[in-house]
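Please read all numbers here as calculations on a predicted model, not as lab measurements.
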Amino acid sequence: MINTLLQLREIQKIIKEQQIIMKRLLMPQVNDYSFIPRYYKLFCTLFADIPYKSVYHRGKFIYVILYLYSPGALIGGRTRIGLREALAKVFNINDKQIISKNIGDLRFYFDNYKDFRDDVELFYKKVKID
C-alpha cells in the first residue's frame, strides 16, 4: 500500500510538471492578427516560383500561422477566436469553415510529407527573422 501511494505521488508530481510545460508550449507566439497579411505577403514572395496556389500549398501558410497564433489547434485543440476569420480574409474566401476543415489534413501532410515539412520550416524561419 505504501509503495502504491508513493508511486501515485510521484506520478502526480510528473503530471503537474508536464502540465506546466504543456501550458508554456501552447502559449501563442504572436497575438496581433494584423500581422497575418504581412506574413502572407512574405509567404507568397518566398514561394513565388510555385506556379499554383493549391490547397496543399496554402496549407503550409496556414500551418505556420496556426503554430504562431494557436498551437493547440495543431494537436486537436480549438482555434483561437477570430483566427479563422483573419485567415479567410487573407485568402479572400467567405466560408471560414474551410480553414477548420483543412486542419486535420495539415497535420497529416506535416507528419507524412517531407516537402511540406521542409517548406513549413523554411517559412517559419523567415517569419521569425522578419
Side-chain angles (χ1 to χ4, degrees):
M1 182 169 97
I2 300 260
N3 282 340
T4 301
L5 290 174
L6 290 174
Q7 286 179 319
L8 286 171
R9 286 184 186 148
E10 184 62 28
I11 290 170
Q12 185 179 41
K13 179 182 170 190
I14 291 169
I15 289 171
K16 284 181 183 181
E17 291 169 355
Q18 294 301 311
Q19 287 173 332
I20 291 168
I21 293 168
M22 183 90 158
K23 186 176 180 179
R24 183 178 46 82
L25 292 174
L26 290 174
M27 293 286 294
Q29 296 177 37
V30 183
N31 289 305
D32 188 348
Y33 293 159
S34 70
F35 292 136
I36 293 175
R38 189 174 90 190
Y39 294 150
Y40 189 60
K41 189 179 229 181
L42 175 64
F43 178 80
C44 290
T45 302
L46 184 62
F47 297 105
D49 61 327
I50 296 178
Y52 56 87
K53 301 298 177 208
S54 67
V55 172
Y56 179 78
H57 181 64
R58 185 174 64 201
K60 298 168 190 176
F61 174 77
I62 295 170
Y63 195 93
V64 172
I65 295 302
L66 288 172
Y67 182 76
L68 292 170
Y69 287 88
S70 189
L74 295 171
I75 60 167
R78 296 179 57 98
T79 303
R80 284 181 57 196
I81 294 172
L83 184 56
R84 289 182 303 158
E85 291 85 353
L87 285 167
K89 186 176 179 181
V90 165
F91 295 128
N92 198 25
I93 54 176
N94 293 327
D95 186 8
K96 64 185 181 184
Q97 296 299 327
I98 291 172
I99 305 300
S100 297
K101 291 175 185 174
N102 289 319
I103 292 174
D105 292 339
L106 299 179
R107 288 191 302 255
F108 177 82
Y109 296 154
F110 189 83
D111 291 344
N112 293 290
Y113 297 116
K114 184 179 181 330
D115 68 309
F116 189 90
R117 275 192 312 276
D118 291 347
D119 286 350
V120 163
E121 277 293 325
L122 176 65
F123 177 53
Y124 177 71
K125 287 176 184 175
K126 292 289 185 184
V127 166
K128 293 306 287 180
I129 291 170
D130 193 44

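Rounding to the nearest 0.5 Å gives a distance of 8.5 Å between CD of Gln12 and CZ of Arg9. Atom NZ of residue Lys23 and atom CG of residue Leu25 lie 12.5 Å apart, to the nearest 0.5 angstrom. Distance check: Leu46 CG to Lys125 NZ gives 12.0 Å after rounding to the nearest 0.5 Å. To the nearest 0.5 angstrom, Ile15 atom CD1 is 12.5 Å from Ile20 atom CD1. In this structure, the separation between CD1 on Ile36 and CD1 on Ile65 is 5.0 Å, given to the nearest 0.5 Å. For the atom pair CD1 (Ile62) and CG (Asn102), the distance works out to 6.0 Å, reported to the nearest 0.5 Å.
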| task | Under the side chain to side chain contact (heavy atoms under 4.5 Å, CB included) rule, what do Leu68 and Tyr39 come out as? Steps first, then yes or no, please. | result | CA-CA 11 Å; Leu68 292 170; Tyr39 294 150; 4.1 Å; yes
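Through side-chain heavy atoms spaced under 4.5 Å, either directly or across other Ile, Leu, Val, Met, Phe, Trp or Tyr residues, Ile2 is tied to Leu6.
If you look at Phe43 and Phe47, their ring centroids are closer than 6.0 Å.
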Quick one: side chains of residues 108-123, donor-acceptor pairs under 3.5 Å with protein atoms, not counting sequence neighbours, listed by atom name and distance.
from   : atom 1 : to     : atom 2 : distance (Å)
Asn112 : ND2    : Phe108 : O      : 2.9
Lys114 : NZ     : Asp118 : OD1    : 3.4
Lys114 : NZ     : Asp118 : OD2    : 2.8
Asp115 : OD1    : Tyr56  : OH     : 2.9
Asp115 : OD2    : Tyr56  : OH     : 3.0
Arg117 : NH1    : Phe110 : O      : 2.9
Arg117 : NH1    : Asp111 : O      : 3.4
Asp119 : OD2    : Lys60  : NZ     : 2.5

Per-pair distances, 0.1 Å, donor-acceptor, side chain in residues 70-93, under 3.5 Å, sequence neighbours excluded:
from  : atom 1 : to     : atom 2 : distance (Å)
Ser70 : OG     : Arg78  : O      : 3.4
Ser70 : OG     : Arg80  : N      : 3.2
Arg80 : NH1    : Val30  : O      : 3.4
Arg80 : NH1    : Asn31  : OD1    : 3.1
Arg80 : NH1    : Tyr69  : O      : 3.0
Arg80 : NH2    : Asn31  : OD1    : 3.3
Arg84 : NH1    : Gln97  : OE1    : 3.4
Arg84 : NH1    : Ser100 : OG     : 3.0
Glu85 : OE1    : Gly82  : N      : 3.4
Glu85 : OE2    : Lys96  : NZ     : 2.7

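Ring planes of Phe61 and Tyr40: perpendicular class, angle over 60° (limits at 30 and 60°).
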